[in-house]
2 protein chains.
Amino acid sequence: MAERDADRSVSQTVRAQLALRDQILSGALRPGERISELQAVETTGVSRTPVRMALVRLEEEGLLEAIPSGGFMVKAFSERDILDSIELRGTLEGLAARFAAERGVSARDLEPLKECLGEIDGLVRQSPISVEAFSAYVALNARFHALLTELSRSPPLIRQIDRVSALPFASPSGFVMAQSALPEAQQILLIAQDHHRIVVDAIENREGGRAEAIMREHARLAVRNLRLALRNRTHLDLLPALALVRTSEV
Amino acid sequence: MAERDADRSVSQTVRAQLALRDQILSGALRPGERISELQAVETTGVSRTPVRMALVRLEEEGLLEAIPSGGFMVKAFSERDILDSIELRGTLEGLAARFAAERGVSARDLEPLKECLGEIDGLVRQSPISVEAFSAYVALNARFHALLTELSRSPPLIRQIDRVSALPFASPSGFVMAQSALPEAQQILLIAQDHHRIVVDAIENREGGRAEAIMREHARLAVRNLRLALRNRTHLDLLPALALVRTSEV
DNA sequence: CAGGCAAACAATGTATACAGTAAGTATCCA
DNA sequence: TGGATACTTACTGTATACATTGTTTGCCTG
C-alpha cells in the first residue's frame with residue numbers, strides 16, 4: 001500500500017514474494033499462523049494469482065509450510081534447526097571447496113577470491129572495528145562464500161548451497177552483525193578470515209581434504225558464535241531472523 | 001485425456017505435477033524445449049492455473065528451468081551433473097549418519113533398520129538374483145535410506161536429502177535396475193549391503209566418523225556402478241531418467 | 001539478394017469470478 | 001450446563017477472461 005507501482009520492471013509475483021518474505025522475517029506474520037491470501041492481497045497490493053505463486057515459492061524456499069487442509073503457515077524453527085542448518089551449509093561448502101581443489105582452479109579464477117581476501121584484511125585489521133566496517137564485512141563475506149561456491153563448477157551443488165543459504169539464519173553472514181556486539185568480535189573475525197585464507201591456499205595446492213575440513217570448521221565457528229550471541233542476550237535485535245524461532249526455546 | 005477424472009481425492013495441481021513429471025522423465029518433453037502451457041492443459045486435462053502451479057513446483061524440484069523471457073523449459077543435465085548429484089546425496093546422507101551416531105539412537109528406533117537389513121540379506125543371498133528380487137531390492141533399499149535419513153532427527157537435513165533424492169538419477173535406487181544387467185550384479189549388491197550393515201553398526205556404537213565415511217563411500221559405489229553401466233551400453237532402456245541427459249554426452 | 005522494420009499472432013503474466021469445503025459459532029436438546 | 005448438530009461464513013482451489021510482452025513472419029528498402 002505504501003509504494004504503489006514501484007518498479008514495473010519486476011513481476012508482480014516477485015514483488016509479492018519479496019513483500020511476504022519481509023513480513024515473515026520482520027515478524028509481522030507469526031510462526032504457526034495461517035497466511036490469509038486475501039490479507040496478503042491487501043498488504044502486497046497485487047492480485048491473488050501472483051500471491052499464490054509467491055506462497056508456493058516461499059514454501060519451497062523453506063519459510064512456509066503447507067497446511068494439510070489447504071493454505072500455508074509460517075514455519076517455526078527450533079534453535080537446533082538453525083544450528084543444523086549452519087552445519088549443513090558448512091558441509092556443502094566443504095564439498096564445494098574439495099571439488100574446487102581436486103578438479104583444479106586456474107589462477108585466473110582464483111584472482112577475485114584473493115582480491116576479496118585482501119579487502120577483508122583491510123577491514124579486520126582496524127581495532128576496534130567500526131559498525132560500518134562490520135557492514136562492509138558482511139557484504140564481502142557473502143561475496144567470498146559465493147565465489148568459493150562457484151569454484152566447484154558443479155551446478156547441482158551450487159543450487160543446493162543457494163537453497164540452504166536462502167534461509168536467513170543459515171546464510172554465511174546471517175549472524176555476523178550480532179557478533180559485532182560481542183567483546184570477542186575482532187578475534188572472531190580474525191579467525192574467520194584465517195579460515196578464508198587457508199581454504200584458498202588449500203585449493204591452490206589442490207589439497208582437497210584440507211579445503212573440505214577447513215570449510216566445515218568455518219561453519220562450526222559460526223555455530224559457536226551464534227551460541228555465544230544467544231547467551232549474551234544483548235543486541236538480539238540485530239537478528240531479525242529470530243522472529244522465526246519458537247519463542248519457547250529462545 | 002486417458003484417465004479423465006481419476007482420483008478426485010488428489011488436487012488438480014498434484015495431478016498436473018505427476019502427469020508433467022511423467023512426460024519429462026519418459027522423454028515426451030525434450031530437454032531444452034519450452035513447455036507450452038496450453039499444450040500441457042490439453043495433455044493433463046486440467047486448467048492453466050494448476051498447470052502453472054505444477055510448473056513452478058517442478059522448477060523448484062529441479063526438473064525445469066525458467067526461461068528469462070517467461071515460461072519454463074525442461075532442464076538438461078550433463079553426465080557430470082548426475083555424478084555430482086549422487087556424490088552430493090552421499091555427503092548429505094553421511095552427515096545424517098554422523099548426526100544419528102553422535103546424538104545417539106535408541107534400540108527401538110534402530111529396529112526397523114535392522115529388519116530392513118535382514119530382508120535385503122534374504123534377497124542378495126540367492127544366486128543368480130532374479131529380476132523380481134532386483135525390484136524388491138530397489139524398494140527395500142529406498143526404505144533403508146529413508147529410515148537412515150530419519151535417524152538424524154534433523155528436519156532441515158531431511159528436507160535437503162529429500163530434495164536431492166527427488167532428482168530421479170540421484171535417488172538411492174536410481175540406477176540399481178541398470179546394474180541388474182551387469183555380470184558383477186550380485187557382487188555389487190553384496191558390497192552395498194555390507195555398507196548398510198557397517199553404517200548401522202557404526203551408529204549403534206556411536207562412531208560418527210565411521211558412519212559418515214561409509215555413507216560417502218556407499219555413494220561412490222553408486223557412482224562407480226553408474227559409470228560401469230554407461231560403458232556397457234546395454235540395457236540403458238532401464239534408465240528412463242537418462243532422457244534428461246544431453247544426448248551429445250551420453 | 002540480404003537485412004531491417006513493422007505488424008500480426010501466440011503465449012505468458014495477471015486479475016477476477018465461481019464453486020466446494022472446512023471451520024467456527026450459535027442454538028437446541030438432553 | 002454441557003455437548004452435539006446444523007447453519008453460516010469465509011477461505012482456498014480452480015477456471016477463464018484479459019492485457020501485455022515476446023517472437024515470428026512477411027514485406028519493403030537499400
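Naming convention: chains lettered A, B, ... in sequence-line order (proteins, then strands); numbering from 1 in each chain.
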Does [X] have a side-chain nitrogen or oxygen under 4.0 Å from the phosphate oxygens OP1 or OP2 of [N]?
X	N	answer
B:Arg52	C:dT12	no
A:Ser69	C:dA23	yes
A:Thr13	C:dT14	yes

Can you measure [X] atom [atom1] to [N] atom [atom2] for me and round it to whole angstrom units?
X	N	atom1	atom2	result
A:Glu42	D:dA10	CD	C1'	14 Å
A:Met53	C:dT12	CE	P	11 Å
A:Arg15	C:dA15	CZ	C1'	14 Å
A:Leu64	D:dT12	CG	P	12 Å
A:Gln39	D:dA10	CD	P	14 Å
B:Glu37	C:dT14	CD	P	11 Å
A:Gln12	D:dT20	CD	P	12 Å

Quiz item: Counting any heavy atom closer than 4.0 Å, what does A:Ile67 reach on the DNA or RNA strands: base, sugar-phosphate only, or nothing?
Solution: nothing
Exercise. Could you tell me whether B:Leu55 contacts a base, only the sugar-phosphate backbone, or nothing, with contacts defined as non-hydrogen atoms closer than 4.0 Å?
Key: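 Nothing, no nucleic acid heavy atom in range.
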Quiz item: Does the distance from a Lys or Arg side-chain N to an Asp or Glu carboxylate O, for B:Glu93 and B:Arg89, drop under 4.0 Å?
Solution: yes
Quiz item: Can we say A:Asp84 and B:Arg103 salt-bridge, meaning some charged N sits less than 4.0 Å from an Asp/Glu carboxylate O?
Solution: yes
Practice problem: Would you tell me whether B:Arg163 and B:Gln160 have side-chain atoms, one donor and one acceptor, within less than 3.5 Å of each other? | Solution: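 No.
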Counting heavy atoms from C-beta on, name the nucleotide in [options] closest to the side chain of [X].
X	options	answer
B:Leu38	C:dA11, D:dC11, C:dT16	C:dA11
A:Arg48	C:dA15, C:dC18, D:dT16	C:dC18
A:Arg34	D:dT14, C:dA15, D:dT12	D:dT12

Practice problem: Could you pick out which residue, B:Thr49 or B:Ile35, lies toward the 5' side of DNA chain C when each is mapped onto its nearest nucleotide? | Solution: B:Ile35
Quiz item: Sub-3.5 Å donor-acceptor pair from the side chain of A:Arg57 to the main-chain atoms of A:Val14, do we have one?
Solution: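 It does not hold such a pair.
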Practice problem: Say whether, by atom type as modelled, one donor and one acceptor occur between the side chain of A:Arg52 and the main chain of A:Ser47 under 3.5 angstrom. | Solution: no
